[in-house]
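Accompanying notes for the structure given below.
In what follows, every chain begins at residue 1, and chains take the letters A, B, ... in the order their sequences are listed. Remember, predicted model here, so these are calculated numbers, not experimental data.
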Protein chains: 2
Amino acid sequence: MTISPMIESFVFHFGEMGSRWGFNRTVGQMYALMVVSDKPINANEIAEVLNISRGNVSMGIKELQSWQLIQLHHYPGDRKEYYSPKGDIWDMANTVFEERRKREVDPTLSLLRDILLEQPGNDSEAYAQNRMREIHDLLETLVAWTSELQGLNPDKLNRLMKLGTGVSKVMDLLSKANKSSSAKSKSRNKDQLPFRDTSNTHSDSPMRDDSND
Amino acid sequence: MTISPMIESFVFHFGEMGSRWGFNRTVGQMYALMVVSDKPINANEIAEVLNISRGNVSMGIKELQSWQLIQLHHYPGDRKEYYSPKGDIWDMANTVFEERRKREVDPTLSLLRDILLEQPGNDSEAYAQNRMREIHDLLETLVAWTSELQGLNPDKLNRLMKLGTGVSKVMDLLSKANKSSSAKSKSRNKDQLPFRDTSNTHSDSPMRDDSND
DNA sequence: TTGAATGTTCAGTAATTTCTGAAAGTTTAA
DNA sequence: TTAAACTTTCAGAAATTACTGAACATTCAA
């Protein structure tokens, strides 16, 4: 079994990129191969096409399963297992986002929460905690947003995009619709800011300003 | 120079996570250190605190500069360079997103565009192109969205979140505001769907359905 | 129960990435 | 100029990560 140059270039590229997304090159190639294959493929085919060992394929399959990315198939009279991507492209993106959140963001949030419970022992710790609080709040916001986005299916999302909408515009609409809070809200309405916490020891400015230079 | 255990745990954790975000452990630690430090620090301090070689620090600085993440400072009578994070936490997040987009998503989009211009030579290639088109469109949508988000500053973003808004709700609002297109739009309004392209050879269903199992 | 077909594991090896430290480069004050 | 103070570079070493392939495990038909 072989693949055309066109498909090959996609598979290789996806392999390189895959390593950015939390799995290694081979696993990325394996998944790419499944995605563009018009039917489920088995481990031997994968090993042959990608020119890697059978053992490596087995480990890659295990990894992809831990990411919940693949679906197993069996054919009568054939004892081999066949693999295909689970769900559609949008499902895939959601799954990857979610897995990454679990593996990367959640532990960070947990650590930050723990640290923020500690009493700062001196000025540096107090300063550090303020920066950490900012990061913590930012991560929480991003998590909230992405989980909102994940609730959408692709055509909804696209319709939203296609309306030519800026998020800013969305916000204006929302403020109007929800005019209870946020009274016109110029630019930095102190009591609504989770960032730039100033409650603790140090200077008001979140970033040190360099006295010289 | 040393750091407290509290700060150390943050710096180390950030180092581990940093590798997920496109730079290596040491670079992540260096940046974390700058973020929680209440004043700019110099290369020797970094090397001492993190217990790494001076040359390594130099390379890390270079890397952070290529990400546009740090600011230089000089003090009179001191020839050393001092470093601090550039901008606030939100700027940092924006910068990282943007750099990653440039390094990871843009090349993928470019490759996909090129491939999609080719004429499929057979059914497999046609099938593969359809999957690639889905990925291409999804990536474009995500890029559009994140660039929208990047246009917001943190308090705007938070106000948006704090309004208790689901994105779905946003969409409803928008459809109302923009009722030119999308006539009520139940669920799969064919002519508005960029995903699930059906214009090419293969079956209408985007995912193969396995005939057995 | 056997053995052929297949899947999994893991110790050792290979490939890749990161780090060190000495040498070379740069800047500035005198 | 010189030389001290500092930064950068990069060849080789160390650390980490990925891969192979042979041994082991499992399944199933006969």
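Taking atom CZ on A/R25 and atom C1' on C/dT16, their separation rounds to 9 Å, with Å as the unit. Whole-Å rounding puts the B/F23 CZ to C/dT17 C1' distance at 16 Å. Across the protein-nucleic acid pair, B/N44 atom CG and D/dA4 atom P stand 18 Å apart, rounded to whole Å. In this structure, B/I41 places its CD1 atom 13 Å from P of D/dT7, rounding to the nearest Å. Atom CD1 in B/I46 sits about 14 Å away from atom P in C/dT20, given to the nearest Å. Put simply, CD on B/E81 is 17 Å from P on D/dA5, counting in whole angstrom units. Rounded to a whole Å, the OH atom of A/Y83 is 10 Å from the C1' atom of C/dT8. Taking atom CE of residue A/M59 and atom P of nucleotide D/dT17, one finds them 15 Å apart after rounding to whole Å.
Between B/Y75 and B/H73, the ring-plane angle classifies as parallel under the 30° and 60° cut-offs.
Of the listed nucleotides (C/dG7, C/dT6, C/dG21), C/dG7 has the atom at the smallest distance from the side chain of A/A43. The side chain of B/N24 approaches C/dC19 more closely than any other nucleotide in the set D/dC19, C/dC19, D/dT7. In this structure, of D/dT20, D/dT8, D/dC6, it is D/dT8 that holds the atom nearest to the side chain of B/S58. Taking the side chain of A/K62 as heavy atoms from C-beta on, and the options D/dT16, D/dT7, C/dT9, the nearest nucleotide is C/dT9.
Among the atoms of the strands shown, base atoms are found under 4.0 Å from some heavy atom of A/N56. Among the atoms of the strands shown, none is found under 4.0 Å from any heavy atom of A/I61.
Cation-pi geometry between A/R103 and A/W67 is met: under 6.0 angstrom from the ring centre, within 45 degrees of the axis.
Of the two residues contacting DNA chain C, namely A/K80 and B/T26, the nearest-nucleotide position lying further toward the 5' end is that of A/K80.
In the interface, the side chain of A/R79 is not paired with the base of C/dT6 through any donor and acceptor atom under 3.5 Å apart.
Looking at B/F12 and B/Q29, their side chains come closer than 4.5 Å, going by heavy atoms from C-beta outward.
The pair A/E98-A/R101 fails the salt-bridge criterion, with no side-chain N (NZ, NE, NH1 or NH2) lying under 4.0 Å from an Asp/Glu carboxylate O.
The backbone N or O of A/I115 lies less than 3.5 Å from a partner atom in the side chain of A/Q129, making a donor-acceptor pair.
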